[in-house]
Amino acid sequence: MATVTVIRYLSALIFPGLLVLLFTRVTYNRVIGLILTVALIATSVYKGYTNTFLLIVVDAFSLTAGFWLAEKMKQRVIKKT
């Protein structure tokens, strides 16, 4: 039971940020990437997969980190050209 909880928190820490980066690369807009990822997380909360407040906080932290990294990624691409 404890390993399932650890996996949930690690997934919440990693995957939302990666999804923001992925959707940003696909849509070429970091705000749209953030909105799409928030919609996926809202759906998981609605379905009951994200069931604790702390898990939602970890998701939000990961979203913020992914949003920040998407901005850094954009600045690096602009600097190269």
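Atoms NZ and NZ, on Lys79 and Lys72 in that order, are 8.5 Å from each other to the nearest 0.5 Å. To the nearest 0.5 Å, atoms CD1 (Ile32) and CD1 (Ile35) are separated by 5.0 Å.
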Extract all donor-acceptor atom pairs below 3.5 Å that involve side chains of residues 13-27 and protein atoms in other chains or at least two apart in sequence.
residue	atom	partner	partner atom	Å
Thr24	OG1	Val20	O	2.6
Thr27	OG1	Phe23	O	2.7
Thr27	OG1	Asn29	N	3.4
Thr27	OG1	Asn29	O	3.2

Less than 3.5 Å apart, which donor and acceptor atoms pair up between the side chains of residues 46-61 and the rest of the protein, not counting sequence neighbours?
residue	atom	partner	partner atom	Å
Thr50	OG1	Ser44	OG	3.0
Thr52	OG1	Tyr9	OH	3.4
Thr52	OG1	Leu55	N	3.2

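Note on residues 1-15: no pairs pass salt bridge (Lys or Arg N to Asp or Glu O under 4.0 Å), not counting sequence neighbours. Residue pairs that meet the salt bridge (Lys or Arg N to Asp or Glu O under 4.0 Å) test with at least one member in residues 27-41, sequence neighbours left out, are Arg30-Glu71.
The other residues sharing a hydrophobic cluster with Leu10 are Val6, where clustering joins ILVMFWY side chains under 4.5 Å apart.
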